Every structure is written in C-alpha cells, then in structure tokens.
Amino acid sequence: MVPSHGAGSRPAIAFITDAVRVAGSEVWLLETLPRLRAAGLEPSVYFPPHPGLDAFTARFSEAGIRVERYADWEELAHQTAALDLRIVQAGNPQTYTALLPRLTRPRLVLSHDQMRFFYPLGLEALYRALFALSKARAWRAADGVLTVSSWAAEFLHSLGLSQAVGLFNGVDPQRFRPATPAERVQLRATFGFNRFTVLYPARLSPEKNHWALLGTARRTPEYRYVLVGEGELTGLLRRLAPGNVEFWGRRTDLPQLYRAADTLLQPTLAENQSLATLEAMASGLPVVTSLIPAQLELITPEVTGLALRPVPALLAQALRRLEQTPTLGQRLGQAAREHVLKHHTLEASAQRLAQALWHYL
C-alpha cells in the first residue's frame, strides 16, 4: 500500500478500472496518466486480474506508472485506502454500485460513457430512463463526476448530478498528423487504396449506426469503405454488406490509415466526444458525422467538417461533395487540425484533468 503524501511529496491517486479487454477508455488512461506526473501528481492504475490484460498493463509500467491487480472489491478498497484520491472508470454499472460505497473519500467517477443514445421510435427515452436508474444513480455516491464533454456534464446536471464537471478529450498531434504528399502516395499503395476510400474505425455495435454506412455504400458503389473494429454485430454486418465494404478488424496502424484515406464517415447515434473524430481531425482527414451534441463540440459544420442527419441519402451526397471538390476536403482537414492543436491536444487534456483533480486534494 502506498502511503498518503506528506509535505512536499506528490499526491497519490488511484485510477480504477473493471476492464476485461482493452478499449478506448483504457488506451486513454495509458496516454494520459504519464502526463499527470508533470502536474505534480502520482497516478497509479488498478486492473482486475484478467490474463488478457497482462501485456497491456505492462505498458503502464514501462511508462513509469505503478500497476496493481485486485481480486475483489474489499481487497481493492484496502489497497487504495491510504492514497489521497480514488477514481473509478468502469463499464459495468454494478461496479459503481458495489465499489463506490466501499472506497475511502474522496472518490470520483471518470466517465467516457455515451450517456444518451439518439435512437428513434422512443428508444432514446427508454435508454435515458435506464441510464438514470443504473449508472447515474450509482454515481450519487461519488464526491465528483468527471466526464469528457460539456454536453455530457449538462446532461448529468439534468439528472440531478450537480457535481458533474465537463473536461475534454485530446490526442497526440505528432502521432496523428497529415501525410506528406510522398508518404500519402506510398501509404495508399501499401493499403491498396486506388479509389475514393471512406474509413470508419468504431466498435461494431448498434449505436455506431453501421446500417447507415451500409446504405450509403449501396448508393456509392464506386467508393471503397473500410471498417476497422469488432463487436457484437460483426457477423450480421458482414452478411448484409455490399461488395464495396471491407471489414479489417482490429488494427494497430490507425495513424497510417487516417493519412491514407479520403474521409472519415461517422454516422454515429451516440458519442461523448469521440477520440476517432479527434484523431481524424488531427490527421487532416475531413470528417462527415452526425448532428449530435458531443460531435458538434468538435465539428463546426462547413468549417472543421460536415455534420448532418445520419441517413444514407444525405451521407452519400456529402461524400460526393468531398470526392468531386478536393479543395473542400483540404480546407476542412486543415481547419480541423488547427482546431485540435488549439483545443484538443493530449497535453491540454491532461492539464485540464490535473486541474480538476487538484480541486479534490
């Protein structure tokens, strides 16, 4: 157990996750926690003992972040009791219900969750009700709730969580950057991108609205669509996809894919400040996405990207604009990267998180 900080030492902060696999939130921790040390904090990370996480957790140690594994909630509460601050980032609502009351105060929630799904036919209202009765109710036991968009904080305020604070996501603009002309030619040859290529990196799940992408692909058979990611809908989408849609699974070369593609199409029905959007923007790749609140914190329509109702006819029209007017894509991509450099770098995101954490110390 790490003792609480004394005079002149760094506050010790535990970041706790219930992850059973590596997803975007866990990658965010890996990228962000080392940067908190520059702000005078000493973060550590607590993972459950799933063997599939071993290689990933080793990367935290390589980055100078202490890693602990826990067997159960009681052990975890004991392990973190003497630290200065405890932060829970969980996917399962039951984790918050079971764990938060056991943790020593102060204890926070850090959430990247998609808190509102813009589903049709009354399903949006149903999801809101379920969210309010599960995670939002459990979060009342926390001393603070940190989320990654202003919209999400306002949404939580509407559910009675007045302690919610909106932060913002950030990406590394050196890792995600535009290609040089020569590099782009080489990458497109490597990936076989010999026609207008549309990229969509996302989990293959209902809220990502791959149905709209499939409909768009049918309207634009001359374009190539590359889907990166896996999920519960993989098999069904493969069976329904037209021939110009390809499933590339999980990839470790997303920065290169952003540099090689012609546009990011993201017809999502739920986001809480999308990292994929920010990665594409930093790469100078024009973005076509949905008119939903968290996306509109990143995409100013016709300035840093195109935002519209995610229906195939409109999406196809937007893609044709980009394909037929290359200068439009160049202008949008350049403005998008400038926006990331000013407002959404990893360094700025980590600094904002550190400021929020110091408030509780």
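Not measured: the values here are computed from a predicted model.
A donor-acceptor pair under 3.5 Å links the side-chain atoms of Arg352 to the main chain of Gly166, judged by distance alone. Using a distance-only test at 3.5 Å, with no hydrogens or angles considered, no donor-acceptor pair links the side chain of Ser349 to the main chain of Thr345. Panel note: side chain Asp84, backbone Ile13; no donor-acceptor pair is recorded below 3.5 Å. Remark: side-chain polar atoms of Glu297 are paired, donor with acceptor, to backbone N or O of Trp151 under 3.5 angstrom. For Arg331 (side chain) and Glu302 (main-chain N/O), a donor-acceptor pair under 3.5 Å exists by modelled atom type. Tyr96 contributes no side-chain N or O that, together with a main-chain N or O of Arg140, makes up a donor-acceptor pair within less than 3.5 Å. Arg203 places no side-chain N or O within 3.5 Å of a backbone atom of Gly231 that could act as its donor or acceptor partner. Remark: the backbone N or O of Ala241 is not paired with any side-chain donor or acceptor of Arg218 at under 3.5 angstrom. Distance alone, capped at 3.5 Å, is enough to place a donor-acceptor pair between the Arg86 side chain and the Arg105 backbone. Remark: the backbone N or O of Glu74 is paired with a side-chain donor or acceptor of Asp72 at under 3.5 angstrom.
With 3.5 Å as the limit, one finds a donor-acceptor pair spanning the side chains of Thr220 and Tyr225. Side chains of Lys208 and Gln114: a donor-acceptor N/O pair is present below 3.5 angstrom, by distance only. Side-chain contact, Gln266 with Thr277: a donor N or O sits under 3.5 Å from an acceptor N or O. No side-chain N or O of Gln295 forms a donor-acceptor pair with one of Ser290 less than 3.5 Å apart.
No single ILVMFWY cluster, assembled from side-chain heavy atoms under 4.5 Å apart, contains both Leu254 and Leu227. Clustering ILVMFWY residues whenever any of their side-chain heavy atoms sit less than 4.5 angstrom apart, transitively, puts Leu30 in the very cluster that holds Leu167. Hydrophobic clustering (side-chain heavy atoms under 4.5 Å, transitive across Ile, Leu, Val, Met, Phe, Trp, Tyr) groups Tyr223 together with Leu322. Follow the hydrophobic side-chain contacts under 4.5 Å out from Leu315 and you never reach Leu296; the two are in separate clusters. Cluster membership for Leu285 and Leu328, using ILVMFWY side-chain heavy atoms within less than 4.5 angstrom, is not shared.
Taking a cutoff of 4.0 Å between a charged side-chain nitrogen and a carboxylate oxygen, Arg175 and Glu31 qualify as a salt bridge. Salt bridge status for Glu222 with Arg320: present, with a side-chain N to carboxylate O gap under 4.0 Å. Electrostatic pairing of Arg116 and Glu271 does not count as a salt bridge here, judged by no charged N lying under 4.0 Å from a carboxylate O. For Arg259 and Asp253, the salt-bridge test fails: no basic side-chain N is under 4.0 Å from an acidic carboxylate O.
Applying the ring-ring contact (aromatic ring centres under 6.0 Å, His included) test between Tyr127 and each of Tyr119, Phe117, Phe155 identifies Phe117 as the sole match. The side chain to side chain contact (heavy atoms under 4.5 Å, CB included) test with Val45 is passed by exactly one of Leu33, Thr57, Ile87: Leu33.
Below 30°, between 30° and 60°, or above 60°: for Phe193 and Trp248 the angle between ring planes is between 30° and 60°, a tilted geometry. Taking the six-membered ring for Trp and thresholds of 30 and 60 degrees, Phe176 and Tyr258 have ring planes more than 60 degrees apart, a perpendicular arrangement.
Between Leu275 and Gly24 the shortest heavy-atom distance is CD1-O, 4.3 Å. Ala132 approaches Leu159 most closely through the heavy-atom pair CB-CD2, 4.2 Å. In plain terms, the two heavy atoms of Ala261 and Leu199 that are nearest each other are CB-CB, 3.9 Å. Contact between Trp358 and Gly40 at its shortest, heavy atoms only, is CZ2-O, 3.9 Å. When all heavy atoms are compared, the tightest approach of Ala354 to Ala39 is CB-CB, 3.5 Å. The nearest pair of heavy atoms linking Ala164 to Ala153 is CB-O, 4.2 Å.
Within a 6.0 Å sphere centred on CD of Gln94, heavy atoms belonging to other residues, nucleotides or ligands number 12 at most. Residue Arg195 places its CZ atom among more than 12 non-hydrogen atoms of other residues, nucleotides or ligands, all under 6.0 Å distant. Residue-environment remark: CD (Gln317) stays at or below the threshold of 12 foreign heavy atoms within 6.0 Å. In Gln186, the CD atom is not crowded: 12 or fewer heavy atoms of neighbouring residues, nucleotides or ligands sit closer than 6.0 Å.
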Check the pair Leu361, Leu85 against side chain to side chain contact (heavy atoms under 4.5 Å, CB included), reporting the backbone distance first and the verdict last.
-> CA-CA 7 Å; Leu361 295 168; Leu85 185 60; 3.9 Å; yes
Stepwise ring pair (Phe, Tyr, Trp, His ring centres under 6.0 Å) check, Phe131 with Trp139 = CA-CA 11 Å; Phe131 184 87; Trp139 291 354; 5.6 Å; yes
Show your reasoning for whether salt bridge (charged side-chain N to carboxylate O under 4.0 Å, His left out) applies to Arg177 and Glu279.
-> CA-CA 8 Å; Arg177 57 169 177 79; Glu279 290 166 357; over 6 Å; no
Please report the C-alpha distance between Val198 and Thr216 in whole Å, then the side-chain angles of each, then the deciding distance to 0.1 Å, and finally whether the side chain to side chain contact (heavy atoms under 4.5 Å, CB included) criterion is met.
-> CA-CA 11 Å; Val198 181; Thr216 306; over 6 Å; no
Could you walk me through whether Met115 and Arg128 pass the side chain to side chain contact (heavy atoms under 4.5 Å, CB included) check?
-> CA-CA 8 Å; Met115 300 173 185; Arg128 177 189 171 108; over 6 Å; no
Could you go step by step and tell me if His343 and Phe168 meet the ring pair (Phe, Tyr, Trp, His ring centres under 6.0 Å) rule?
-> CA-CA 9 Å; His343 304 289; Phe168 55 84; 8.4 Å; no
Test ring pair (Phe, Tyr, Trp, His ring centres under 6.0 Å) on Phe60 and Phe47 and set out the steps.
-> CA-CA 11 Å; Phe60 283 87; Phe47 278 94; 5.6 Å; yes
Full working for side chain to side chain contact (heavy atoms under 4.5 Å, CB included) between Asp18 and Tyr46 | CA-CA 8 Å; Asp18 63 354; Tyr46 290 73; over 6 Å; no
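Separation of atoms CD1 (Ile16) and OG1 (Thr95) is listed at 10.5 Å; rounding is to 0.5 Å. Taken from CG in Leu298 to CG in Asn169, the straight-line distance is 8.5 Å, to the nearest 0.5 Å. Summarising the geometry, atom CZ belonging to Arg59 is positioned 13.5 Å from atom CD1 belonging to Ile65; distances are rounded to the nearest 0.5 Å. Note that CD of Gln334 is 12.0 Å distant from OG1 of Thr327, once rounded to the nearest 0.5 Å. Atom NE2 in His112 sits 9.5 Å away from atom CG in Leu146 (nearest 0.5 Å). Atom CD of residue Glu323 and atom OG1 of residue Thr197 lie 11.0 Å apart, to the nearest 0.5 angstrom.
Using a 4.5 Å cut-off on side-chain heavy atoms (C-beta onward), His344 and Val171 make no contact. Residues Pro48 and Arg69 have side chains not in contact (no heavy-atom distance under 4.5 Å, counting atoms from C-beta outward). Phe196 places a side-chain heavy atom less than 4.5 Å from the side chain of Thr263.
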